[in-house]
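In what follows, every heavy atom counts, from backbone to side chain, and hydrogens, waters and symmetry copies are set aside. Proteins get letters first, then strands, A, B, ... in listed order; numbering begins at 1 in each. This one's a predicted model, so the numbers in the text were calculated from it and none came from an experiment.
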Number of protein chains: 2
Amino acid sequence: MKDTEQSIIEAAILIFNEDLSAPLEKVADQAQVTRRTLHRYFKDRKELMDKCQKEIRKACAAAMANAYNTTQNPKERLEAMFYAGLDCGSKNTFLHKLHTLHDHKHQAANEECSEYDHTFELWKGNLQLLLTTGIINQGMTVDWIHNFFQSVVVVFINSQQKGSLARAEARQLAWFSFSKGIGI
Amino acid sequence: MKDTEQSIIEAAILIFNEDLSAPLEKVADQAQVTRRTLHRYFKDRKELMDKCQKEIRKACAAAMANAYNTTQNPKERLEAMFYAGLDCGSKNTFLHKLHTLHDHKHQAANEECSEYDHTFELWKGNLQLLLTTGIINQGMTVDWIHNFFQSVVVVFINSQQKGSLARAEARQLAWFSFSKGIGI
DNA sequence: GAATAATGTCTCAAATATGTGACATTATTC
DNA sequence: GAATAATGTCACATATTTGAGACATTATTC
């Protein structure tokens, strides 16, 4: 039995990632349910949005933690976590987008923001380690690398949507562009 | 005397780039005019959107052509055009976004699409040359590089919006990430 | 297969977004 | 500073989006 609530959330992440103010009907269509059903699961737009964020954090944090634990070596960790991030796809990029919006003021005080920071804590921590030990090019900053990472995920997603590149090939290309792009 | 029409277009590009279905009031606010004034210049949402696309094509195509003509050397051209693209900022990324939307079917027959292709004709042509002569890593494709380019522009824009990185520094970082990322 | 749960259909009221007319106010030009 | 152009304010009609009730239809469970 498929979980309707979950499939609506997945649909919403996909739609909102492209069009933040998209009408809920688009989300319902994407999830192949009626708008009425959507409203049975989510009181209103805000609640749906919140659930999306929670889902993303859960999925990304779990994938990252899992990748983190596959090895002790910081360089290998980087690669494992990179691929984990790729596999999270638009789940990954959506939250990031919300937190880089023009009018968004990022502040650790805000609970949303601190949870966002926490989601990528392990990832950023490992980056910091690679930076201070000089394995990653010195001119880089953690912020730049993190944004760059998110961008490469977008490139990957686009290539998959267009279907012009096989998944495995695209993953390799993505890792190449990312790792070389940060000076490894 | 400032050109109201132009400043509304600039505002719209900024807003729509972040939120495609944003209410026109947001655009008006960003342009520091009332919604009423916006409607005096643009019949409706569609007309505004069309003008945005026209403006982008004009600006990007001009910047690209200009950079193209600074040198004959393909590698130097790549760098010049890259920086030109950076300087076009969100003008650059907005059109690209429209043409990579989930439901967008890209087709040369469509006038919009062919004009889009044309905007980056010189850029893509030069890329192709670098690929066939083996200067750029063989595994790459023109599409991947173009998407990657657009992504790096986004990273650059984000860094500038946050103000955490000086413009000149960010430009250097961007070129490093891009050039290394495509295997130069 | 009866009972229960989930979803769809149709309807409607409220909220929000859109586009325009009428006129006041402010800039600009000569 | 009078004439003109541009913009703002307010009001309004229309269109779209949103959220929920009532009930029919379809799945699921026991």
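One atom, CE of M49(A), and another, P of dG19(D), lie 12 Å apart when rounded to the nearest Å. For E5(A) and dA5(C), the CD to C1' distance is 15 Å, given to the nearest whole Å. Rounded to whole Å, the distance from CZ on R40(A) to C1' on dG8(C) is 8 Å. If you take CG of L48(A) and P of dT18(D), they are 11 Å apart, rounded to a whole angstrom. For D3(A) and dA5(C), the CG to C1' distance is 14 Å, given to the nearest whole Å.
In this structure, dA20(D) and dT11(C) make a Watson-Crick or G-U wobble pair, each of the two defining distances being under 3.5 angstrom. Pairing for dC30(D) is with dG1(C), a Watson-Crick or G-U wobble pair whose two hydrogen-bonding atom distances lie under 3.5 Å. For dT14(D), the paired base is dA17(C) (Watson-Crick or G-U wobble, both distances below 3.5 Å). When both distances must be under 3.5 Å, the Watson-Crick or G-U wobble mate of dA22(C) is dT9(D).
Close to dT7(D), at under 4.0 Å from its OP1 or OP2, lies a side-chain N or O of Y41(B). Considering only side-chain N and O atoms, T34(A) lies under 4.0 angstrom from the phosphate OP1 or OP2 of dG8(C).
Taking the six-membered ring where tryptophan is involved, the planes of Y83(B) and W175(B) are tilted, since the angle between them lies from 30° to 60°. Taking the six-membered ring where the residue is Trp, F149(B) and H146(B) present tilted rings, their angle falling between 30° and 60°.
Of the charged side-chain nitrogens involved, none lies within less than 4.0 Å of a carboxylate oxygen, so that K97(B) and D19(A) do not count as a salt-bridged pair. The existence of a salt bridge linking D50(A) and K54(A) is excluded, since no basic side-chain nitrogen approaches an acidic carboxylate oxygen closer than 4.0 Å.
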Counting primed atoms, P, OP1 and OP2 as sugar-phosphate and everything else as base, the B/S/- map of nucleotides 14-20 of chain C against protein heavy atoms under 4.0 Å is ---SBBB
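Between K124(B) and D143(B) the shortest side-chain heavy-atom distance falls below 4.5 Å. Contact check for N158(B) versus W144(A): no side-chain heavy atoms found under the 4.5 Å cut-off. Annotation: side chain of M140(B) is in contact with side chain of F176(A) (closest heavy-atom distance under 4.5 Å).
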